[in-house]
Amino acid sequence: MKSLLFSAALGIFALTANGQKMNKQSPIANVSGKTASGTTISIRYNQPSVRGRTIGKDLEPMAGKVWRTGADSTTAFTVTKDVKVEGKALPAGRYGLFSMVDGENWTIIFSKNPKQWGAFTYKQDEDALRVTVKAGKTAKFQEKFTITISKAGKVDLLWGDSDVAFKVD
């Protein structure tokens with residue numbers, strides 16, 4: 001009986017240690033902000049790090065391919081009220097946040113299916129909204145993928161030397 005309990009405890013420890021190791025590579029991040037109109041925007045994502053790799057070659061996003069806009073499970077984007085993203089309507093709710101890069105142009109995709117693993121099961125027919133924005137440059141290289149939300153409703157995706165922003169009204 002003691003042997004069984006010891007084995008179970010060791011197994012739980014190994015699973016916990018392995019989970020912590022995974023989170024060290026791309027830890028979970030949550031960002032939330034309230035816009036001037038009273039809408040709360042919440043984003044849950046995993047933060048990959050560049051770690052000497054080249055974005056677009058060794059590391060996502062890859063040109064022309066859908067990216068989960070983070071690491072591990074799909075990034076979850078939630079708004080508490082009906083909003084407009086870059087002037088286009090998006091109902092209140094929880095969405096999977098995906099993106100696709102084509103040079104300076106980025107397509108920001110809000111999927112009706114927020115519970116996916118990465119972009120492996122992404123289906124375009126589940127899109128709630130797509131908007132296209134131009135990428136800018138960061139003032140400083142971003143080693144860790146970071147998302148920020150301003151009180152004005154500006155959402156910035158900061159990764160490497162790219163700053164991809166979209167407006168939520």
Side-chain angles (χ1 to χ4, degrees), residues 12 15-51 53 55 59-62 65-86 88-101 106-123 126-131 133 135-169:
I12 290 169
L15 287 172
T16 303
N18 188 36
Q20 289 173 348
K21 184 177 179 185
M22 284 177 49
N23 281 342
K24 278 187 178 179
Q25 296 296 317
S26 299
I28 295 170
N30 290 290
V31 63
S32 186
K34 192 170 239 178
T35 66
S37 65
T39 301
T40 299
I41 303 168
S42 301
I43 304 171
R44 183 197 176 282
Y45 65 106
N46 287 69
Q47 291 183 288
S49 294
V50 176
R51 293 188 314 271
R53 298 172 290 179
I55 296 171
L59 195 57
E60 293 179 299
M62 304 290 184
K65 294 188 179 183
V66 174
W67 178 41
R68 62 186 140 203
T69 315
D72 300 333
S73 62
T74 300
T75 294
F77 179 94
T78 305
V79 286
T80 57
K81 295 181 179 180
D82 293 353
V83 295
K84 290 197 177 199
V85 178
E86 292 295 314
K88 296 181 179 180
L90 182 69
R94 185 170 186 228
Y95 300 91
L97 182 65
F98 295 91
S99 54
M100 194 166 33
V101 64
W106 281 59
T107 302
I108 308 300
I109 304 165
F110 299 87
S111 171
K112 296 174 196 170
N113 184 356
K115 295 182 180 182
Q116 301 178 56
W117 179 258
F120 307 110
T121 59
Y122 166 80
K123 294 180 182 138
E126 294 178 336
D127 288 358
L129 178 66
R130 283 180 170 226
V131 297
V133 295
K137 297 287 181 189
T138 57
K140 178 180 152 191
F141 185 84
Q142 293 290 312
E143 170 66 25
K144 192 175 278 197
F145 176 65
T146 302
I147 301 175
T148 63
I149 304 168
S150 76
K151 289 186 189 230
K154 181 179 163 208
V155 176
D156 285 276
L157 311 176
L158 306 162
W159 187 220
D161 63 359
S162 293
D163 180 353
V164 179
F166 58 92
K167 180 81 165 122
V168 179
D169 292 315

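Quantities reported herein were computed from a predicted structural model and do not represent experimental measurements.
- The only option from Phe77, Trp106, Tyr122 that meets the ring pair (Phe, Tyr, Trp, His ring centres under 6.0 Å) definition with Phe98 turns out to be Tyr122.
- Side-chain contact between Leu97 and Tyr45 is absent, with no heavy-atom pair separated by less than 4.5 Å.
- Thr35 approaches Val168 most closely through the heavy-atom pair CG2-O, 4.3 Å.
- Note: Thr78 OG1 to Arg44 CZ = 10.5 Å, rounded to the nearest 0.5 Å.
- The side-chain heavy atoms of Ile147 and Trp159, taken from C-beta on, include no pair separated by under 4.5 Å.
- Taking 4.5 Å as the limit, every side-chain heavy atom of Tyr95 sits out of range of all side-chain heavy atoms of Thr74.
- Distance check, rounded to the nearest 0.5 Å: OG1 of Thr148 to NZ of Lys154 gives 7.0 Å.
- Side chains of Ile55 and Pro61 form a contact here, defined as non-hydrogen atoms less than 4.5 Å apart.
- Between Asn46 and Pro48 the shortest heavy-atom distance is O-CD, 3.0 Å.
- Between Asp169 and Lys84 no salt bridge is recorded (no basic side-chain N to carboxylate O distance below 4.0 Å).
- Contact check for Met100 versus Arg130: side-chain heavy atoms found under the 4.5 Å cut-off.
- Here Leu158 contributes atom CG and Thr146 contributes atom OG1; the two are 6.0 Å apart, rounded to the nearest 0.5 Å.
- In this structure, Val79 and Phe110 have side chains that are not in contact, with every pair of non-hydrogen atoms separated by 4.5 Å or more.
- Taking OG of Ser111 as the reference point, atom CZ of Arg94 lies at 11.5 Å (rounded to 0.5 Å).
- Residues Ile149 and Lys151 have side chains not in contact (no heavy-atom distance under 4.5 Å, counting atoms from C-beta outward).
- Rounding to the nearest 0.5 Å gives a distance of 8.5 Å between OG of Ser32 and CD1 of Ile41.
- Contact check for Leu157 versus Phe145: side-chain heavy atoms found under the 4.5 Å cut-off.
- Considering CD of Glu126 and CD1 of Ile109, their distance stands at 12.0 Å, rounded to 0.5 Å.
- The two residues Thr138 and Ser162 come nearest to each other via the heavy atoms CG2-O, 3.2 Å.
- Taking each heavy atom of Asp127 and Lys112 in turn, the nearest pair found is O-CE, 3.6 Å.
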